[in-house]
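Given the structure is predicted, the values throughout are model-derived calculations rather than measurements. Note that the numbering runs from 1 along the sequence shown for the chain.
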Amino acid sequence: MLKNIRRFTLRNLRKMRFLPSKLYVKYHYEYFSEKKLNLKNPIDFNEKIEWYKVYYRPKILTQLADKYRVRTYVEEKIGKQYLNELYGVYNNPSNIDFDSLPNKFVIKANHTNGHNLIVEDKKKLNKKKTIKLLNKWLRKNQYYRKGQEWAYKDIKPKIIIEKNLKENEKTSLIDYKFYCFNGKPKFLDVHIDRGENHKQGCFDLDFKPLPFSKSKKYESISANVEKPSNLKEMVFLSEILADKLPFVRVDLYSIKGKTIFGEMTFYPADARDKFHPDKYNPIIGNYLKLPKLSNKQKIII
């Protein structure tokens, strides 16, 4: 009974997004983990991600979380050959010239995750409804508002349109998500069949299955998933992009052996999904060596 009352209270406290980050993340963390957050001595991985939200705020994080501006960073670090083809970027969706676009493309918001529209046949696209939807995206900054994910706070919302990537006849791409700690990739989280029967699994850098997963929401990938031919290159590139950051997840794709950059994120799943079994949360948390705040520092910039 008391547990249900506490959960109800936390659910309501999470709606108070005007609260200071230091206070808000405590309610956020407890609601999803059912554990108290210790910002003075975080141990579990998600505890440290909550700390990251509050105290680690170099301006470059805003650029790297921005799906448009990160392209400049990627080009400077590893070269534009690893970027997906960009068809256009817009402040106003009404300015999109749909007639000039190819028959297939992908529309994204640069300031959130999950706001993607995959267009397989332009002739079937309702342009009026699409523009209305895109304007709705631009009015929202859900990633900062819902979880105090600081890196998204000052991104200027835009709509970007990119090439619709395909691998053979597969309906969805395989995501290779490299967890990088202090500039070094440690393991990767692989997602397949997103559009059908979403599966997930964690692998070491030699693509051997690891004994933990990132979420119970998805079916586990079997051990015989094919190792990408360009894995060594993806490991190498993720390290260059991570560039000594305390933590960043670098997402890449492999299209017929060609590496394509996806995105960079600092707060996987908004610190909501823990690793399973639970004993791996402090183990993976130990990989993340948080920078030290001096006595006079309130945040690291």
Side-chain angles (χ1 to χ4, degrees), residues 21 24-25 28-33 35 37 39 42-58 60-62 64-67 70 111-116 142-153 155 173-192 194 198-205 210 212-218 220-221 234-235 238-239 241-243 245-253 261-278 280-290:
S21 293
Y24 183 88
V25 296
H28 181 271
Y29 179 78
E30 185 179 348
Y31 179 78
F32 288 104
S33 71
K35 299 178 184 178
L37 175 62
L39 282 175
I43 295 173
D44 284 359
F45 176 73
N46 281 339
E47 272 194 295
K48 291 189 174 183
I49 294 301
E50 299 287 14
W51 187 100
Y52 217 41
K53 293 178 185 178
V54 176
Y55 295 113
Y56 191 72
R57 298 183 171 184
I60 192 171
L61 267 62
T62 299
L64 301 187
D66 184 327
K67 291 180 176 60
V70 71
H111 65 299
T112 69
N113 285 325
H115 283 164
N116 306 315
Q142 67 177 34
Y143 271 76
Y144 175 67
R145 291 186 69 249
K146 285 188 176 181
Q148 296 280 9
E149 296 181 66
W150 178 83
Y152 294 93
K153 182 176 182 290
I155 296 177
L173 295 174
I174 300 177
D175 288 338
Y176 301 95
K177 301 175 180 293
F178 291 82
Y179 278 67
C180 302
F181 301 86
N182 300 98
K184 301 290 185 181
K186 191 74 173 177
F187 64 89
L188 61 155
D189 179 21
V190 180
H191 292 250
I192 66 175
R194 282 186 178 273
H198 193 154
K199 303 180 190 71
Q200 178 271 341
C202 291
F203 296 79
D204 69 13
L205 300 183
L210 292 168
F212 58 83
S213 64
K214 185 64 177 76
S215 174
K216 282 187 173 180
K217 292 187 295 186
Y218 311 122
S220 176
I221 294 176
M234 288 196 288
V235 172
S238 64
E239 181 172 345
L241 293 172
D243 193 24
L245 287 161
F247 171 76
V248 65
R249 196 191 75 202
V250 178
D251 296 0
L252 302 172
Y253 299 111
F261 173 79
E263 63 180 276
M264 298 174 72
T265 188
F266 301 95
Y267 324 107
D270 191 20
R272 301 182 186 197
D273 293 343
K274 62 183 181 179
F275 290 94
H276 299 277
D278 186 60
Y280 287 97
N281 289 291
I283 292 172
I284 296 168
N286 191 50
Y287 298 156
L288 175 45
K289 309 300 182 185
L290 294 171

Spacing of [atom1] belonging to [X] relative to [atom2] belonging to [Y], to within rounding of 0.5 Å:
X      : Y      : atom1 : atom2 : result
Phe275 : Asn46  : CZ    : CG    : 7.5 Å
Met264 : Asp66  : CE    : CG    : 12.5 Å
Arg272 : Ile49  : CZ    : CD1   : 14.0 Å
Asp175 : Ile192 : CG    : CD1   : 10.5 Å
Asn286 : Ile283 : CG    : CD1   : 9.0 Å
Ser213 : Gln200 : OG    : CD    : 5.5 Å

**Message:** Does Glu239 form a salt bridge (charged side-chain N to carboxylate O under 4.0 Å, His left out) with Lys184? I'd like the steps, not just the answer.
**Reply:** CA-CA 5 Å; Glu239 181 172 345; Lys184 301 290 185 181; 2.6 Å; yes
Going by ring pair (Phe, Tyr, Trp, His ring centres under 6.0 Å), name the residues that satisfy it together with [X], two or more places apart in sequence or in a different chain.
X      : value
Tyr31  : none
Phe266 : none
Tyr218 : His191, His198
Tyr29  : none

If we only count heavy atoms from C-beta on, is the [X] to [Y] side-chain gap below 4.5 Å?
X      : Y      : answer
Leu245 : Tyr56  : yes
Lys153 : Thr62  : no
Asp273 : Pro268 : no
Thr265 : Lys177 : no

**Asked** With the threshold set at 4.0 Å, does a side-chain nitrogen-carboxylate oxygen contact exist between Asp189 and Lys214?
**Response** no
Non-hydrogen atoms of [X] and [Y] that approach each other most closely:
X      : Y      : value
Pro282 : Ile43  : CB-CG2, 3.8 Å
Ser238 : Cys180 : O-SG, 4.0 Å
Leu188 : Asp204 : CD2-O, 3.3 Å
Lys48  : Leu290 : CG-CD1, 3.8 Å
Asp270 : Gly147 : OD2-CA, 3.4 Å
Lys53  : Trp150 : O-CB, 3.6 Å

**Prompt:** Taking only residues two or more places apart in sequence or in another chain, which ones pass side-chain hydrogen bond (donor to acceptor under 3.5 Å, both in side chains) with Glu30?
**Reply:** Arg6, Lys36
**Item:** Results of side-chain hydrogen bond (donor to acceptor under 3.5 Å, both in side chains) for Glu47 - residues two or more places apart only
**Value:** none
**Asked** Aromatic rings Phe212 and Phe187: how do their planes relate, parallel, tilted or perpendicular, breaks at 30° and 60°?
**Response** perpendicular
**Message:** In terms of relative ring orientation, are Trp51 and Tyr55 parallel, tilted or perpendicular, with 30° and 60° separating the classes?
**Reply:** tilted
**Prompt:** Are a donor atom and an acceptor atom from the side chains of Glu50 and His28 found within less than 3.5 Å of each other?
**Reply:** yes
**Request:** Begin with the C-alpha distance, continue with both residues' side-chain angles, and end with the deciding distance and a verdict on side chain to side chain contact (heavy atoms under 4.5 Å, CB included) for Tyr176 and Ile174.
**Result:** CA-CA 6 Å; Tyr176 301 95; Ile174 300 177; 3.5 Å; yes
**Asked** Cationic tip of Lys186 within the cone over Phe181's six-membered ring, i.e. under 6.0 Å and within 45° of the normal?
**Response** no
**Item:** Residue pair Lys35, Asp44: steps toward the side chain to side chain contact (heavy atoms under 4.5 Å, CB included) verdict
**Value:** CA-CA 10 Å; Lys35 299 178 184 178; Asp44 284 359; 2.8 Å; yes
**Asked** Under 3.5 Å, is there a donor-acceptor pair between the side chain of Asn281 and the main chain of Asp278?
**Response** yes
**Request:** Please check if the side chain of Tyr267 supplies one atom and the backbone of Ala151 the other of a donor-acceptor pair under 3.5 Å.
**Result:** yes
**Request:** Show your reasoning for whether ring-ring contact (aromatic ring centres under 6.0 Å, His included) applies to Phe247 and Phe45.
**Result:** CA-CA 11 Å; Phe247 171 76; Phe45 176 73; 5.3 Å; yes
**Item:** Stepwise side chain to side chain contact (heavy atoms under 4.5 Å, CB included) check, Tyr179 with Val248
**Value:** CA-CA 6 Å; Tyr179 278 67; Val248 65; over 6 Å; no
**Intermediate values then yes/no, side chain to side chain contact (heavy atoms under 4.5 Å, CB included), Arg249 and Asp251** = CA-CA 6 Å; Arg249 196 191 75 202; Asp251 296 0; 2.7 Å; yes
